[in-house]
Structure formats: structure tokens, C-alpha cells
S.K.: 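Sharing a structure with you now.
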Amino acid sequence: MITIFDFEKPISELESAIAELRQLAAEKGLDRSREIAELEAQRERLLKQIFAHLRPWDKTLLARHPKRPYALDYVRLMCESFLELHGDRLGFDDPAIVGGLAKLGCYRLVVVGQQKGRDLKERQKRNFAMAKPEGYRKAMRLFRLAEKFRLPVLTLVDTPAADPGVESESRGISEAIAQSMLTMFELSVPTVAVIIGEGGSGGAIALAAANRVLMLEHAIYSVIPPEGCAAILYRDPNKAPQAADALRLTSESALELGLIDLIIPEPLGAAHRDPQTTALSVRSAVLQQLDELSRIEPDTLREHRYQRFRQMGVYETV
Amino acid sequence: MQRRGVAQTNSEQWVQCAKCRKILFRPDFERAMRVCLHCGHHHRLCARERILLTVDSNSFQETDADLRSVDPLGFPDYADKLRKGAAASGENEAIVTGTAMLGGYEIGIGVMDFSFMGGSMGSVVGEKVVRCFERGAERRLPVILFCASGGARMQEGLISLMQMAKTTAAVSRLQRAGMPYIAVFTDPTMAGVLASFASLADVILAEPGALVGFAGQRVAAQASVGKPPANFQTAEFQHEHGMIDLIVPRKQIRITLTYLLEMFLPVEAPVR
């Protein structure tokens with residue numbers, strides 16, 4: 001599936017022109033390198049120009065881009081090795097949440113992330129990364145494993161929301177989200193969360209109660225999807241772009257508000273144009289956080305995590 | 001304005017039940033703690049009424065009444081909504097917190113008020129809930145929270161989502177101090193509040209018929225195969241699925257809470 005957004009259209013037109021020229025050059029053995037270089041320079045200028053003025057809604061579309069790297073892509077591209085573990089030990093294994101044991105630089109880690117699907121079949125299997133209670137219960141089981149063997153935890157957050165269906169309600173989706181956060185707060189090992197795509201409300205915070213919370217440049221993090229907000233605020237889901245502005249769901253806003261610690265820059269044109277480079281940036285950012293956190297005493301780590309969230313909130317005293 | 005769960009108050013002497021529509025004599029209705037004498041429907045209470053009906057008389061001392069919401073994002077209409085919420089509820093925010101005596105035990109208590117912006121949780125609600133748990137941990141007080149909320153307060157954006165994490169962290173403080181935390185789900189207890197501190201209580205009680213759930217009913221139905229059951233997202237549904245310990249009629253809540261305090265606290269604790 002190829003999806004091109006309005007603001008990406010001129011870029012992809014240039015990209016297909018470049019590809020055509022390359023093919024022509026190869027087939028006919030002609031030297032078109034000057035023209036190609038010119039078009040590539042033009043593409044670069046255009047990318048810079050367009051990406052310098054992205055609105056929150058554009059970022060929402062980028063965060064949901066069907067070609068954007070997903071959790072397992074990052075694990076594959078940035079970790080030396082990974083062994084996936086399965087099941088919540090209560091009767092279920094939710095494919096919307098993946099987790100396992102990974103090596104990253106000099107660290108052995110527990111990694112937990114929400115996983116979207118690449119094609120229709122996988123999307124359905126992974127329920128569009130909308131985790132059910134068993135997904136969060138699998139995550140908790142892995143958090144406890146990390147605590148037992150003193151392994152730091154890395155979470156990769158990418159979900160539109162937790163699964164809202166009847167089945168999830170029957171099995172206690174709210175309780176699972178709350179317990180997942182609580183379990184993260186009780187850990188005495190270093191924890192790092194990276195919002196890699198969509199940080200969708202309760203479904204996202206359930207995996208993001210970490211010592212350090214990082215966000216990819218074009219990821220979003222929001223209390224409600226812009227469509228839902230628009231339906232309430234303007235009684236019109238089509239006004240999602242305005243709602244995205246109001247919600248301030250970009251990485252820049254989250255950093256400005258002091259709710260995340262660091263923005264991980266994406267390559268020009270966003271992560272899907274160069275997953276390899278993006279994954280390397282995530283890798284070095286995570287390694288740097290782990291280097292800092294692994295020097296802190298276990299009890300202090302827990303206390304720092306508590307204080308990190310304790311001070312969040314804006315109010316006045318009269 | 002007619003709202004679900006609110007008895008009509010068009011006359012001084014008579015009220016109409018919001019559910020069965022029967023007419024009730026107001027003094028009888030008030031004596032029954034706003035529970036319909038015909039159908040048993042539990043009408044919503046405001047925070048002050050709830051406190052009066054629950055704790056030992058004259059024992060409530062309010063805390064943190066000086067906290068006020070601001071509009072950190074410049075969100076459309078938020079300032080106006082805050083003003084209207086204050087006018088509708090007579091409160092400064094969607095929760096009233098304090099200390100009180102209950103059955104002779106000193107407790108920390110918080111009561112949410114749905115008439116203030118749907119009981120939504122923004123910075124002030126989050127902060128007051130956290131202070132309630134921290135006070136409980138420091139002063140070794142059990143904490144009782146009456147929940148009534150539509151969820152996180154959208155108008156504070158990501159800051160309100162963070163209140164879920166913040167209040168959850170505070171529950172762990174009280175747990176470490178070994179003090180009991182009891183939650184009472186009243187109509188409605190939803191979304192961001194249900195998916196954070198509310199669901200983490202040692203014992204969870206709920207009033208009959210209260211709406212208790214994660215997503216809005218329409219969203220849940222859309223996301224499901226087949227029709228949701230008739231009692232979907234009621235306290236009774238959640239009780240059937242193991243998420244609520246007991247459904248307790250309003251007039252028995254005080255005695256149930258006292259019994260739980262007796263069970264959890266050391267025998268010498270009561271200060272009479």
C-alpha cells in the first residue's frame with residue numbers, strides 16, 4: 001500500500017522522476033548523472049522547505065504513516081540480538097504487544113513494545129497495535145522478569161489507543177492499564193520509554209511510566225485522538241487538524257511542557273525515508289540514557305521516577 | 001438542563017425520578033439519600049452531600065481547597081468551562097479532599113463531583129488525589145475515594161494524561177506505608193480515572209447501576225463483534241467480571257466502609 005499525503009506529494013513526484021531517469025540511464029547506458037543530481041538537490045530543498053513547516057496534523061499523519069518503522073523494526077535495526085517471549089501466563093498472548101530479551105551495546109535488556117501490522121492480515125492479527133488486557137499483563141510479567149534479573153527495561157510506544165471493545169472491557173482493560181503503570185513505578189531497574197509513533201492516551205502511558213521518556217521528532221503523544229477531540233469540541237470529526245493544534249500533541253510541545261526528556265531527531269523527510277539512520281539515532285539516545293541511569297542506586301531510581309511524574313501538573317494556589 | 005442520573009427539581013416539594021419517572025415527595029427522597037423509593041435508582045450526589053452522608057458528623061476538615069486550575073495550553077473555551085463548572089457545582093474543582101472520622105477511625109477522604117466539568121481529571125484533581133495518598137502514607141491514614149468522572153480532562157492535553165501516571169505512583173506510596181485504600185465507584189467512573197488510581201484500590205465498592213467503563217459506549221460497540229450485553233459497563237457488569245468486590249446500596253456504604261476499616265486497621269487504632 002502506498003499512501004501519499006498532500007504535503008508529501010511534490011516530493012514523491014520528484015522521487016519518481018529521479019527513479020525514472022535512473023532506470024532510463026541504466027537501460028540505455030546514457031549518462032544522466034547531472035540531471036539526476038539536479039533533481040536530487042531540488043528534492044532536498046523541497047523536503048527541507050516542507051518539513052520546516054509541519055503542522056501538528058501533518059505530524060499526526062506522519063506518526064501514523066504506513067511505512068513508518070514499527071517496534072520490531074527498531075529492535076531488529078538497533079539491537080545486537082533479540083529473543084521474543086510470549087504470553088501473559090493467564091491464558092492469552094496478545095500480538096499487539098511484543099516483548100523479549102535483547103542485547104543493546106553492553107546492556108542486556110527487557111524490551112516491550114506495541115506492534116502494528118504492515119499488511120492487512122498482520123494489521124488485523126495485531127489489532128492495529130491496540131492492546132487488550134492480556135497485552136498489558138504480558139508486559140507486566142516481563143517487567144517483573146526484568147526486576148528479578150536486574151535487567152533495564154526499554155519500552156517502545158506506538159498505539160492509537162488501548163482496545164476499547166467488549167471483550168477487553170470484560171477482562172478489565174482499565175485495571176490492566178493501571179496495574180501496568182503501577183508495576184513500572186515499583187521497578188528498581190532503569191527504565192526508558194521511547195514514543196516511536198502514536199502515543200495514544202491510556203494505552204500509551206501504560207508503558208511509559210519510565211525514568212526517562214524520549215520521543216521521536218515526528219511522533220505524537222496525546223490524551224485523546226484529534227478526531228475524538230474534534231467530535232467533542234467542534235461536533236465534527238473532520239476538524240481533527242484544528243483539534244491537533246489545540247491538543248499540542250507534538251514532541252516539541254511535550255518537551256516545552258516538561259513532560260518528556262529528549263527529542264530524537266529523524267532524518268530529513270521522517271523516519272520512513274531512512275529507518276536505518278532513525279534506528280541508530282534511537283540506539284545512541286537509549287544507550288546514553290542507560291549509561292546515566294545505570295550509575296544510580298536502585299532505590300534512588302524508583303524515587304527519581306516518582307518525582308519525575310510527581311511534579312507534572314500546572315495549577316495555581318490562591 | 002436535564003441530565004442522566006439527575007432528578008428533576010422543578011418544584012420545591014416534588015421531584016421526578018430520572019429513571020422510572022415517578023413523582024417523589026422531596027423530603028422522603030432526601031431522607032432516602034436521593035435514592036428513588038420506587039425503583040431504587042441512585043441519583044448523583046454532589047461532593048458535599050456525599051461527605052455529609054458518609055463521615056462522622058462535624059468531623060470533615062477540608063484540605064488543599066486553595067488549588068485552582070489554570071489554562072496551560074490556551075485551549076478553546078477552557079477558561080469558560082472552568083467558570084461554568086464552578087457555578088454548576090459550587091466547588092472550585094472536580095474533587096473535594098480532606099480528613100475526617102468514619103466510625104471512629106481517622107481517614108483521608110476524596111470525593112469527586114461530576115457536576116464540575118464531568119468530574120474530569122486535570123492538574124488540580126491529580127494533585128489533590130496525590131496529596132491525599134501522600135498524607136495517608138505520612139500520617140498513616142487509610143484513604144477512601146469516591147470516584148465520579150468521565151475521565152482525563154482533554155482541555156489540559158498531555159498534562160492531564162500524565163495525571164494518570166502521577167496518581168498511580170502515589171497509590172504505590174500508600175501501599176508501601178501499608179495503609180488501606182478503598183474506592184467507591186459512583187455514577188459514572190470512566191476512562192482515565194478508572195484506568196489509573198480508581199482500579200488500584202485494595203477493595204472496590206460500587207453503587208448499584210453506576211456506569212463503569214473504559215471507552216464510551218459507542219466506541220466500545222463499534223470496536224466489537226456482536227452487540228454488547230444489556231448491562232454493559234454497569235457496576236453490575238464489572239462485578240460479574242471480577243473487577244468490583246461489592247455492589248453496595250447507598251444507605252449501606254457507611255457501615256460497609258467502617259467494617260473494612262475495622263478489618264484492616266490494628267485494633268488499637270480507633271480514636272473515639
S.K.: Work out which heavy atom in Ser196(B) is nearest to a heavy atom in Ala178(A); give both atom names and the distance.
M.R.: O-CB, 3.3 Å
S.K.: Checking Ser222(A) against chain B: side chain, backbone, both or neither under 4.5 Å from a heavy atom?
M.R.: backbone
S.K.: Tell me, side chain or backbone of Leu249(A) under 4.5 Å from chain B's heavy atoms, or both, or neither?
M.R.: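 Answer is neither: Leu249(A) stays 4.5 Å or more from chain B.
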S.K.: Between Phe128(A) and chain B, which part of the residue has a heavy atom less than 4.5 Å away: side chain, backbone, both or neither?
M.R.: neither
S.K.: Could Arg310(A) and Glu134(B) be called an ion pair, given the rule that one side-chain N must be under 4.0 Å from one carboxylate O?
M.R.: yes
S.K.: Once you round to the nearest 0.5 Å, how far does CD of Gln238(B) lie from OG of Ser174(A)?
M.R.: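 Gln238(B) CD to Ser174(A) OG: 7.0 Å, rounded to 0.5 Å.
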S.K.: Between chain A and each of Ala165(B), Pro72(B), Gly157(B), Gly151(B), count heavy-atom pairs under 4.5 Å; write down the option with the most.
M.R.: Ala165(B)
S.K.: With a 4.5 angstrom heavy-atom cut-off, is it the side chain or the backbone of Ala208(A) that approaches chain B, or both, or neither?
M.R.: neither
S.K.: Let me have the donor-acceptor pairs involving side chains of residues 311-318 of chain A, under 3.5 Å, with sequence neighbours excluded, atom names and distances please.
M.R.:
{"residue": "Gln311(A)", "atom": "NE2", "partner": "Arg308(A)", "partner atom": "O", "Å": "2.7"}
{"residue": "Tyr315(A)", "atom": "OH", "partner": "Glu127(B)", "partner atom": "OE2", "Å": "3.3"}
{"residue": "Tyr315(A)", "atom": "OH", "partner": "Arg131(B)", "partner atom": "NH2", "Å": "3.4"}

S.K.: Can you check whether anything in residues 241-248 of chain A gets within less than 4.5 Å of chain B, heavy-atom wise, and list it by number?
M.R.: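 Under the 4.5 Å heavy-atom cut-off, Ala246(A), Leu247(A), Arg248(A) qualify.
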S.K.: Tell me, side chain or backbone of Gln155(B) under 4.5 Å from chain A's heavy atoms, or both, or neither?
M.R.: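 Contact with chain A involves no heavy atom of Gln155(B) at all.
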S.K.: Could you grab the distance from atom NZ of Lys166(B) to atom CD1 of Ile205(A), nearest 0.5 Å is fine?
M.R.: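 One finds 12.5 Å between NZ of Lys166(B) and CD1 of Ile205(A).
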